[in-house]
2 protein chains.
Amino acid sequence: MGAVERRARQREEVRSQIVDAARDIVVNEGYHALTMRRIAEAVEYSPAAIYQYFQNRDAIAVAVTSEGFVQLLHAFAPSRSLDNPRARLEAIARAYVDFGLTNPQTYRLMFMEDPEITRALLAQPDRNDPGTQAYLAIVEPIALLAQQGAIDARDDASVRAIADTLWVTVHGIVSLKLTCPTFPETPVDVLIASAMRTFFEGILKR
Amino acid sequence: MGAVERRARQREEVRSQIVDAARDIVVNEGYHALTMRRIAEAVEYSPAAIYQYFQNRDAIAVAVTSEGFVQLLHAFAPSRSLDNPRARLEAIARAYVDFGLTNPQTYRLMFMEDPEITRALLAQPDRNDPGTQAYLAIVEPIALLAQQGAIDARDDASVRAIADTLWVTVHGIVSLKLTCPTFPETPVDVLIASAMRTFFEGILKR
DNA sequence: GTCTATAGGCTGATAGAC
DNA sequence: GTCTATCAGCCTATAGAC
């Protein structure tokens, strides 16, 4: 026993060192700085060696982005204990914006940079990937509100339309602030409060 | 008369040929393809000659982006004839999303790529640049609604907070669709209808 | 003003030795 | 598996001839 498993383990070890190094480069210098040479330098291998572990640079970028979705899902964890669906949604929305603003380069990679990378992780029908899980964390409380009759949403598509409305709002806050930090001038906490208030006033029946 | 003015005119002519070529490259291939060599090839000059007209590549990118803001402002023009502030806002919001989706590479350059380029055009106190004009096109109808007592907005900052809420919403729709064209699945016309309905239900007093 | 030539970098990816 | 060496490009920007 052992030799095969040990080698597989060592291989995984090196792979994760590569992804760790790549993540550090992206976080500190942005996606544009993610080159095979820089990664190789960081893990103290030759650039050629990296290709034994990843087919190309894109595959490494996808691995880093995938980690980002895991982190985002983790950022949602505390909110999930809230029973009240509105409170949960609001906590998730704030966690989302907070995640994006505190991990700007990761967020850019996940949602603003290369559609191919984003598609590789979000466009799959697989309902167990972290990206879809994060999405469902938004959909579920909305479905609950619909069930309770608190909002108007006859079918599944209507529930998802409202969830997507919330998603584009928080994504809009993050992505605009990342590219235009000073204009518009509304501070981000005021902006998110206004957006949340407007959203709930807009969807809740009265 | 003549010699000095003619040279200035010719100079402007070449400058605008350069910007036109740069815009075509961005529109057809994206910002990453905007290189001095490609621009020079398109205008049939040597790369070195371009530096007689622009200090560097960034200055050309700023000029292209600036044109984008002019185009955006033009896209708003038809909406401005609408007297009803809500109808005007809704028309502007739809024009905004339409502009972003039909000019994806220009939109990326304006709002999703390089914060330096965006700042060069948006962060100035100058209230006459097209970017600020476009922003004011959103602020004004909101101020009107506030004046009419249709919404709750005591002061200027509150008006701007609501305007910014609308802006991040439409920006969120465009920028998410540009990077994730297929996920979320809500079609863009349904999404914008939901977002507009939610926004107005959310801000209008009843 | 415009050119050629070039400095001085950078990139992803691969062949072939060990 | 890992290396060195290299292919085959790409880039911005400038010096200096004309």
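By convention in this document, chain letters (A, B, ...) are assigned in the order of the sequence lines, proteins followed by strands, and residues within each chain are numbered from 1.
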**Report entry** Interatomic distance, B:Y45 OH vs C:dG1 P [rounded to whole Å]
**Finding:** 10 Å
Report task. Let me know the distance between CD1 of A:I39 and C1' of C:dC10, rounded to the nearest Å. Result -> 15 Å
Side-chain donor-acceptor pairs under 3.5 Å in residues 166-176 of chain A, sequence neighbours left out?
| unit_1 | atom_1 | unit_2 | atom_2 | d |
| --- | --- | --- | --- | --- |
| A:W167 | NE1 | A:Y96 | OH | 3.0 |
| A:T169 | OG1 | A:T165 | O | 2.7 |
| A:H171 | ND1 | A:Y107 | OH | 2.6 |
| A:H171 | NE2 | B:S175 | OG | 2.8 |
| A:S175 | OG | A:H171 | O | 2.9 |
| A:S175 | OG | B:H171 | NE2 | 2.8 |

N/O donor-acceptor pairs under 3.5 Å from side chains in residues 36-45 of chain A, not counting sequence neighbours:
| unit_1 | atom_1 | unit_2 | atom_2 | d |
| --- | --- | --- | --- | --- |
| A:R38 | NH2 | A:E29 | OE1 | 3.2 |
| A:R38 | NH2 | A:E29 | OE2 | 2.3 |

Report summary line: Hits for salt bridge (Lys or Arg N to Asp or Glu O under 4.0 Å) against B:E140, two or more places apart or cross-chain, chain-then-number order -> none
Query raised in the report: How far apart are the C-alpha atoms of B:F99 and B:F76, what are their side-chain angles, what is the distance that settles it, and do they pass the ring pair (Phe, Tyr, Trp, His ring centres under 6.0 Å) test?
Result: CA-CA 9 Å; B:F99 171 82; B:F76 285 173; 8.3 Å; no
**Report entry** Nearest-angstrom distance from the residue atom CD1 of A:I50 to P of C:dT11
**Finding:** 14 Å
Report task. Figure out the OH/P separation between B:Y53 and C:dG1, and round it to whole Å. Result -> 6 Å
Query raised in the report: Applying salt bridge (Lys or Arg N to Asp or Glu O under 4.0 Å), which residue pairs with at least one partner in residues 165-194 of chain B are found, sequence neighbours left out?
Result: A:R160-B:E185
Query raised in the report: Rounded to the nearest Å, what distance is computed from the CZ atom of residue A:R38 to the C1' atom of nucleotide C:dG9?
Result: 15 Å
**Report entry** Length of the CZ-P vector between B:F54 and C:dG1, whole Å
**Finding:** 15 Å
Report summary line: Note: contacts of residues 11-25 of chain B with DNA chain C (heavy atom, under 4.0 Å) are none
Requested in this report: Could you list the residues that satisfy salt bridge (Lys or Arg N to Asp or Glu O under 4.0 Å) with B:D98, not counting sequence neighbours?
Outcome: none
Report task. Using a 4.0 Å cut-off on protein heavy atoms (strictly under), produce a 5'-to-3' string for nucleotides 12-18 of chain C with B for base contact, S for backbone-only sugar-phosphate contact, and - for none. Result -> BBBB---
Query raised in the report: salt bridge (Lys or Arg N to Asp or Glu O under 4.0 Å) with B:R57: which residues, sequence neighbours excluded?
Result: none
Donor-acceptor pairs under 3.5 angstrom involving side-chain atoms of residues 109-117 of chain A: please list them, not counting sequence neighbours.
| unit_1 | atom_1 | unit_2 | atom_2 | d |
| --- | --- | --- | --- | --- |
| A:D114 | OD1 | A:E116 | N | 2.8 |
| A:E116 | OE2 | A:R119 | NH2 | 2.7 |

